[in-house]
Amino acid sequence: GQNIDQPTEMTATEGAIVQINCTYQTSGFNGLFWYQQHAGEAPTFLSYNVLDGLEEKGRFSSFLSRSKGYSYLLLKELQMKDSASYLCAVSRSGGYNKLIFGAGTRLAVHP
Amino acid sequence: EAGVTQFPSHSVIEKGQTVTLRCDPISGHDNLYWYRRVMGKEIKFLLHFVKESKQDESGMPNNRFLAERTGGTYSTLKVQPAELEDSGVYFCASSQFQGGGYTEAFFGQGTRLTVV
């Protein structure tokens with residue numbers, strides 16, 4: 001079967017660092033995506049990992065361990081505008097964008 | 001460049017009625033996907049078009065749902081007749097043809113469908 005787990009909610013302070021974890025179980029793994037979604041808006045692409053290791057992109061970094069079925073999204077120097085839902089999604093072989101989503105993590109950044 | 005656009009943004013219909021959702025992908029994107037998020041649940045895949053052909057429709061819930069993409073441009077998703085459990089947000093996404101590696105999928109803002 002397919003299963004993606006991530007925390008439902010997290011809170012953090014402006015300027016701090018937060019790590020959002022995602023564990024997955026799926027067959028035919030072909031990469032893991034992180035998307036950001038503000039309320040009422042379209043999910044927007046943040047990162048893609050298919051090989052083990054850390055991908056850094058500005059204030060955001062994403063890590064993948066395929067052997068452990070584990071990923072995290074690291075957000076540094078948090079800003080109020082980072083308050084949003086963060087969606088972990090796995091791509092299966094045969095369809096890069098046929099994504100299997102987790103339920104999302106709602107992050108609230110406080111002053 | 002225009003992003004993925006969906007119409008309408010909101011729709012409220014009565015049980016048993018028909019609703020048609022429209023998605024205009026980014027120009028030149030061969031891949032078009034429909035997803036759905038029902039209340040409190042995760043976003044789930046419905047189907048995938050490559051140009052005008054249905055590549056994968058394994059996520060379509062039942063035969064009340066019909067998706068088309070005539071001419072390989074915009075797509076429509078029709079629900080007929082609508083049931084209460086069809087309420088949710090319907091997302092469309094598009095991406096360029098993938099010859100290897102990944103291509104970023106761009107999502108629309110979604111259509112919020114409420115069946116009463």
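Between B:Tyr35 and A:Leu99, the closest heavy-atom pair is OH-N, 2.8 Å. Annotation for A:Ala42 and B:Gly108: closest pair CB-O, 3.1 Å, computed over non-hydrogen atoms. Closest of all the heavy-atom pairs between A:Lys98 and B:Tyr33 is N-CE2, 3.7 Å. In plain terms, the two heavy atoms of A:Phe45 and B:Glu104 that are nearest each other are CB-OE2, 3.2 Å. In this structure, B:Phe91 and A:Pro43 approach most closely via the heavy-atom pair CE2-CD, 3.8 Å.
Connection of B:Val4 to B:Val50 is not established within any shared hydrophobic cluster, with ILVMFWY side chains joined at heavy-atom distances below 4.5 Å, either directly or through further cluster members. A single hydrophobic cluster is not seen to contain both B:Met39 and B:Val89; linkage of ILVMFWY side chains at heavy-atom distances under 4.5 Å, directly or through other members, places them apart. Under the 4.5 Å side-chain heavy-atom criterion for grouping Ile, Leu, Val, Met, Phe, Trp and Tyr, B:Val19 is not connected to B:Val12 through any hydrophobic cluster. In terms of hydrophobic clustering, with Ile, Leu, Val, Met, Phe, Trp and Tyr side chains grouped at heavy-atom distances under 4.5 Å, B:Phe65 and B:Phe45 are assigned to different clusters. A:Tyr35 and A:Tyr72 are not part of a single hydrophobic cluster, where members link through side-chain heavy atoms under 4.5 Å apart.
Residue-environment remark: OH (B:Tyr74) stays at or below the threshold of 12 foreign heavy atoms within 6.0 Å.
Only the side chain of B:Ser58 has a heavy atom closer than 4.5 Å to any heavy atom of chain A. Proximity to chain B is absent for every atom of A:Ile4, based on heavy atoms less than 4.5 angstrom apart.
Highest contact tally toward chain A, considering only B:Arg112, B:Arg37, B:Gln6, is held by B:Arg37 [criterion: heavy-atom pairs under 4.5 Å].
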